[in-house]
Number of protein chains: 2
Amino acid sequence: MAPKIKDVAKIAGVSVTTVSRVLNGEKYVKDDLKAKVKRVIDELGYAPSHIARSLVRKKTNLIGVIVPDLTSSFYSTILSSIEETASLNDYNLLVCNIIEDTDKELKYLNVFKEMRVDGIIIMHEKLSDDIRSFINKLDIPVIFSSVRPVDHKFVSVIIDDYEAAYDATRYLIELGHERIAFIGGDMRDITSGQNRYVGYRNALKDHRVRTVNDYIRFGDYKTQSGYNLMKELLACEPRPTALFAVSDDMAVGAMNCIHDHQLKVPDDISIIGFDGSQLTELVRPRLSSMEQPIQDMGKITVDTLIELISDPTFSPREDLILGHKLVVRDSCRAYQTER
Amino acid sequence: MAPKIKDVAKIAGVSVTTVSRVLNGEKYVKDDLKAKVKRVIDELGYAPSHIARSLVRKKTNLIGVIVPDLTSSFYSTILSSIEETASLNDYNLLVCNIIEDTDKELKYLNVFKEMRVDGIIIMHEKLSDDIRSFINKLDIPVIFSSVRPVDHKFVSVIIDDYEAAYDATRYLIELGHERIAFIGGDMRDITSGQNRYVGYRNALKDHRVRTVNDYIRFGDYKTQSGYNLMKELLACEPRPTALFAVSDDMAVGAMNCIHDHQLKVPDDISIIGFDGSQLTELVRPRLSSMEQPIQDMGKITVDTLIELISDPTFSPREDLILGHKLVVRDSCRAYQTER
DNA sequence: CTGAAAGCGCTAACAT
DNA sequence: ATGTTAGCGCTTTCAG
């Protein structure tokens, strides 16, 4: 068995308290004793049990994270940023990958509760009633990152999805496009579903661009869905000349569909994506995108959560709205009217 | 504070032992008592402390995972598979993202030790001496996934990288190519560095294809590196007509470079990647690749680790070698000799 | 079938 | 400056 504090104490010829003191860097320990204890610790390869510590300190330094899809470029990047920030602050991550699996999510939330994690980060907004009520009666700080569920009593770190979608659409309009299609997400999602859709619609309306219902399709943010919806869009008469897709993944799916139909981006169809994931630089033409500050989002999420943890009275109550930014690459071009 | 077992016992009018018994599903508890206890548990929203449990059971159900890069398509996919399998077996994941940061890795390994994780999964092979000696004297089961470090005393779940690279190169040769370039990884890596390189060389040699040193470049498995190395290769006279890149990321970087130089894949240059990551289907032309069984790899890694955990005498001693598979897509074509 | 009591490995008063 | 001791919340003998 692994050595315990008692073993160290006995061999060093001191009390466990003294060992505990050097472990926790307290003063009040004579240098020679401290040195001796440290030597014994090294010799034994002793590492204090975080378990036992947590039990008495009532603090685990664990953060539970619920990710909708680890393999998505957007989520893996934000998770990476979360991990980095957490690690810098001596927190460790317990990660749970949810693929549209409410039962698993509930199970994991329960694990988080049993584990007495210090805080929880959730990155999806399609909360079932069970989950909603579970986290509402949980006395662990919860924070939402990149999404804001309805009737939330928790803080969210997000961008203004409405504005961002509006700006993305306006960009296409300013490029001269008049047949602008939309590939959306799940309308049950407020943040990334409804807000982005309404932003698109209002941009069209405000600039007197005709809204064509046939040009509006909904999917699930994934590449395959973007591909399929684009196929439908290509069947429209007349074909749209531009597309706003609410995720880079979908935009890439759409690009591929266009490619597979012997058409060209941006010559035949301009495309703007959303998220600013790594994908934008990986595809050709490189994808213009409405970027979320993914790195900042992860960092701010963790920083805020840690404040929440250390000071339960601290409560931003307000969501943290970060700025979005249009990054122009090569997937859009100005539209020349045909007559 | 969260309710404890004592609270439940008091309210239910039984002893903590009884509560513990219903918690752990033991028999020998009268149905009415069991029902009463369960009711109280529900009312209180009581969840047993995993911390306290771990302390007495000496089992945390935690697996520590060290990933080289969460944002890479390959690693996020294998991590996703690991997570799924772990979750199915009631294990939870503590993840650590290492970006070429040995200090952070050592720190995390130490956290794993303090946390008394039941097992550790490592997914990179560039072990520093510190790390090597640390894990050697650790009495926690360690398993390597997708890599096999030198002088390992641990089990690795891998493919035969030499054979896979050989087969990939042979495919290009059989397509009629005679100027076949190689973009490799780090030669300090045995698995993905040396083995793949030697596989490439031997395939050329066995088939009497000339080896051109100028056609051989090394980088770091990432897209950018593939891009840069391809740029160098394009400057060669004569230009290679085919390329074997040891990661899909690098292959995509190379594809993009070729695209940016107004050349075409596969018409001007054929490319085969390695890994079989999601990227292969995301790019155009779709990337042919020597695929690793990523899903299986994750699953088998966890299954084996769990065996290791539950039966310390169990020791496959042998590495687990999984099969590789060439998946042909659209990035290679037969080479017509020019004369 | 149920309960009392002894730890699991550590920290934190409280003494000295 | 150092040691004694009482828990932290649970499981697990051992009695009954």
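A straight line from CG of L55(A) to C1' of dC10(D) spans 8 Å, rounded to a whole angstrom. Residue I5(B) contributes atom CD1, which lies 11 Å from atom P of dT12(D) at whole-angstrom precision. With rounding to whole Å, K4(B) atom NZ is found 12 Å from dG7(D) atom P. Taking atom CG of residue L23(B) and atom P of nucleotide dG9(D), one finds them 15 Å apart after rounding to whole Å. Between the NZ atom of K58(B) and the P atom of dC10(D) there is a distance of 18 Å, given to the nearest Å. Separating the NZ atom of K10(B) from the P atom of dG9(D) is a distance of 12 Å, rounded to the nearest angstrom. Distance, K6(B) NZ to dG9(D) P: 9 Å, rounded to whole Å. Following rounding to the nearest Å, R53(B) (CZ) and dC8(D) (P) show an atom-to-atom distance of 19 Å.
The pair R188(B)-D186(B) meets the salt-bridge criterion, since a charged nitrogen lies less than 4.0 angstrom from a carboxylate oxygen.
No side-chain N or O of T191(B) forms a donor-acceptor pair with one of D189(B) less than 3.5 Å apart.
Taking a 6.0 Å sphere around NZ of K10(A), one finds it holds 12 or fewer heavy atoms contributed by other residues, nucleotides or ligands.
Contacts of T18(B) with the nucleic acid, taken as non-hydrogen atoms under 4.0 Å apart, involve only primed sugar atoms and P, OP1 or OP2. Counting any heavy atom pair closer than 4.0 Å across all strands shown, L33(A) reaches sugar-phosphate atoms only and no base atom.
Dashed line: the shortest gap from a side-chain N or O of S49(B) to OP1 or OP2 of dC10(D) is not under 4.0 Å. Residue S15(A) places at least one side-chain N or O closer than 4.0 Å to OP1 or OP2 of dG3(D).
For a distance-only test at 3.5 Å, the side chain of R21(A) qualifies as a donor-acceptor partner of the base of dG3(D).
With the nearest nucleotide of DNA chain C identified for both R116(B) and V14(B), V14(B) has the one nearer the 5' end. Heavy-atom distances to DNA chain D give each of R57(B) and V29(A) a nearest nucleotide, and the one nearer the 5′ end belongs to V29(A).
If you walk DNA chain C from 5' to 3' and mark each nucleotide with an atom closer than 4.0 Å to a heavy atom of chain B, the marks span dC1(C) to dG9(C).
Here the CG atom belonging to D7(A) is positioned 9.0 Å from the OH atom belonging to Y46(A), to the nearest 0.5 angstrom.
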With salt bridge (Lys or Arg N to Asp or Glu O under 4.0 Å) as the criterion, how do K107(B) and D90(A) come out once you've worked through the C-alpha distance, each side chain's angles and the decisive distance to 0.1 Å? CA-CA 10 Å; K107(B) 178 185 153 193; D90(A) 287 315; 3.5 Å; yes
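Across all their heavy atoms, Q295(B) and S81(B) have their closest contact at O-OG, 2.7 Å.
Checked by atom type and distance alone, the side chain of N92(A) never pairs as donor or acceptor with a backbone atom of L62(A) at under 3.5 Å.
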